[in-house]
Protein chains: 2
Amino acid sequence: MRDLIEIQQKLLPDLVDVLRKRYMLLQSIFHLQPIGRRTLAQVSSTTERILRGEVELLKEMGLLSFTAAGMSVTEEGQRVLERLEPMVAELFGLTELAQRLQHRLKIPEVIVVQGDADRSEWVKQELGRVGARVLKQRIRERDVVAVTGGTSIASLAEHLTPSPVFRSVQFVPARGGLGEKVELQANTLASVMAAKTGGTYRLLHVPDRLSPDALQALLDEPQVVEVLELLRTARIVVHGIGDALVMAKRRKYSPQELEELEQTGAVSEAFGYYFDEAGEIVHRMPTIGLQLEDVRKAEVVLSIAGGASKAKAILSFAKQSCQSVLITDEGAARALLAEGNEKEGEQP
Amino acid sequence: MRDLIEIQQKLLPDLVDVLRKRYMLLQSIFHLQPIGRRTLAQVSSTTERILRGEVELLKEMGLLSFTAAGMSVTEEGQRVLERLEPMVAELFGLTELAQRLQHRLKIPEVIVVQGDADRSEWVKQELGRVGARVLKQRIRERDVVAVTGGTSIASLAEHLTPSPVFRSVQFVPARGGLGEKVELQANTLASVMAAKTGGTYRLLHVPDRLSPDALQALLDEPQVVEVLELLRTARIVVHGIGDALVMAKRRKYSPQELEELEQTGAVSEAFGYYFDEAGEIVHRMPTIGLQLEDVRKAEVVLSIAGGASKAKAILSFAKQSCQSVLITDEGAARALLAEGNEKEGEQP
DNA sequence: TATGCGCGGGACATTTTACGTCCCTAAAAG
DNA sequence: CTTTTAGGGACGTAAAATGTCCCGCGCATA
């Protein structure tokens, strides 16, 4: 049966959403019966008319009965509720997870894909695919999109497809060189995204490990300044969230630096900033680019991070409360919720 | 698994249809890949635009890939196909049954509901519910609906619901008294339907067992003539199909009459006519009303009959080839197809 | 018994979506 | 090199979904 559900989600993703909607509606009616349209619309946070369409269909299917006092669930309706209940967890596992995350992290939209990026390679692909879809649906003419580096964003870039709206879109790396492999650097990914979509891109070429003086000198370079100004106007920010120590190692921090970082309690990394569990900045990479306050000004902040090992990092970065959409996976979501519950247990 | 589908279908009536459509589409692409939209539209007997919507969704889900040469199924798509294959038989059992019946009986639309009316009481209810839905969707302003008697039609009547279009609709009994219980007579059902829908009805009160002379006399009655004329203009005919002997007994034929009827090879009954296996009229009730040629002139002829025991009767009446919609059940459908195959085996 | 209140259901303008249709450019195929 | 066929874009129209309001009717309360 698990099989069938998975296939349904692949083949009829739209219908599964509808199914969830109807199920929850039926459940609400069952609990509140008899109840009228208008009251129910408020409770279900939907409009009267849209609810009406649904209840009329449920009535057609013989699951609801209408009286002058309001609508009630028929016996058949109850049977449907009962028999569907054990499947709901499986059917809506992911969407339910997403909703719980949405609530706990206070992020407007959360999408959870199946699997665990730590365990299966293909989950990263899935994250990228979904991320690409979200970006495509959020994009507008003449947008400036700030992008960071990392494996998740690389996967997103790979899954982008051309579209006319992208013609006028600029992809700009969020920060300068961050000492990663070239195929994971923001500069590279900005160019890949531009190539995949038909958009244009800018580069922010700042060598790794600059001295503060050299940095200051670069900030006087017109080319650099121009890109930085463009970055600040970014309406969309696409970024990954990293585990602090993992990122630091990938960026070839020395053992000593690593230990210092660990001392600060850093757990997450984004845009070259390192945050501790409370969401406080405890360290930042010596490079230039998008500042955290710029991210806050962006209309759409799309975060991608998967794998149970990323749970703490996601939770930490969510404290910034600047995200619009979080795309993660089942593994991270479950780990995150488990952790969150422990914390809550400590201070009830 | 069967469970899941059934329940889901209560909340999502067209789930299986969509699933089947998408599955077949994916399968077609797999066999013909790489293939273009227009070519595929012809093969799948659909329009280009509607197919486009589907393939774009399948592409979004990562099941299809597009190249300049046409579209192809991705590995993920193949995986879906393979995993869905073993479920197809179960999933599409009923729709497939319906299609086979449609083909064998040459009826434009066939609907098969689950179960066997001979074995489970609730199947009759289901037949009625579906029948009511079909009637509601076929009805038009100012229609004249001719209705017969019988348990199936009674069930349909019970499941009708009011709707503004029915205001101008007239329900007319197809034939005069036929010696059944009053709650199963056409007259009664016409009035029930009118009451349930908000329509109006006419009665055709002809006493049982009239002598030919008396019949003739009634045919001169203005009241009777008026209803008969109305009947001939019926755009929709709703009727059941009976087993010849069962109906005869229900109409209190004497043992002698029964034996005579049996001699003629009568197997089915409808509108008071009795037909043999070849579909020939072998007997008719001595009453007045809708003639078979009037049925042929009707635009919509909705037949309802369920239960394996009705298989022969359904097959027999289908020879009239005047039906538009047949609503039956799994039991009847399987029995009918089995019987049909035997007959074919005799004369290949 | 009188009287609101909330009910389902109808009606209708408006928005949004789906669909049919045609065109364009690019890449295979001949 | 030409021709055919591909996917993708564009756009007007038809159809469905939706927002909004109204109505008569039971039920509950006064």
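Computed from a predicted structure; not experimentally measured. Chain letters run A, B, ... following the sequence lines, proteins first, then strands; residues in each count from 1.
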Round to the nearest Å and state the distance from [X] atom [atom1] to [N] atom [atom2].
X	N	atom1	atom2	answer
R167(A)	dT25(C)	CZ	C1'	11 Å
E60(B)	dG8(D)	CD	C1'	14 Å
L57(B)	dC19(C)	CG	P	12 Å
I29(B)	dA6(D)	CD1	P	13 Å

Any chance [atom1] of [X] has more than 12 other-residue heavy atoms, nucleotides or ligands included, within less than 6.0 Å?
X	atom1	answer
Y201(B)	OH	no
E299(B)	CD	yes
Y23(B)	OH	yes
E121(A)	CD	no

Can you give me the closest heavy-atom contact between [X] and [Y], atom names plus distance?
X	Y	value
S163(B)	K136(B)	CB-CE, 3.9 Å
E60(A)	R129(B)	O-NH1, 3.2 Å
M87(B)	L4(A)	SD-CD1, 3.6 Å

No-hydrogen, no-angle side-chain donor-acceptor test under 3.5 Å, Q9(A) and Q114(A): no
T47(B) vs dG20(C): side-chain N/O to OP1/OP2 distance below 4.0 Å: yes
Could you list all N or O pairs between the protein and nucleotides 4-9 of chain C that sit under 3.5 Å apart?
from   : atom 1 : to     : atom 2 : distance (Å)
dC7(C) : OP1    : G36(A) : N      : 3.1
dC7(C) : OP1    : T39(A) : OG1    : 2.8
dC7(C) : OP2    : T39(A) : OG1    : 3.2
dG8(C) : OP1    : I35(A) : O      : 3.3
dG8(C) : OP1    : M71(A) : N      : 3.1
dG8(C) : OP2    : R37(A) : N      : 2.7
dG8(C) : N7     : R38(A) : NH2    : 3.1
dG8(C) : O6     : R38(A) : NH2    : 2.7
dG9(C) : N7     : R37(A) : NH1    : 2.8
dG9(C) : N7     : R37(A) : NH2    : 3.0
dG9(C) : O6     : R37(A) : NH2    : 3.0

Give me the distances for all protein-to-nucleotides 12-18 of chain C N/O pairs that come in under 3.5 Å?
none

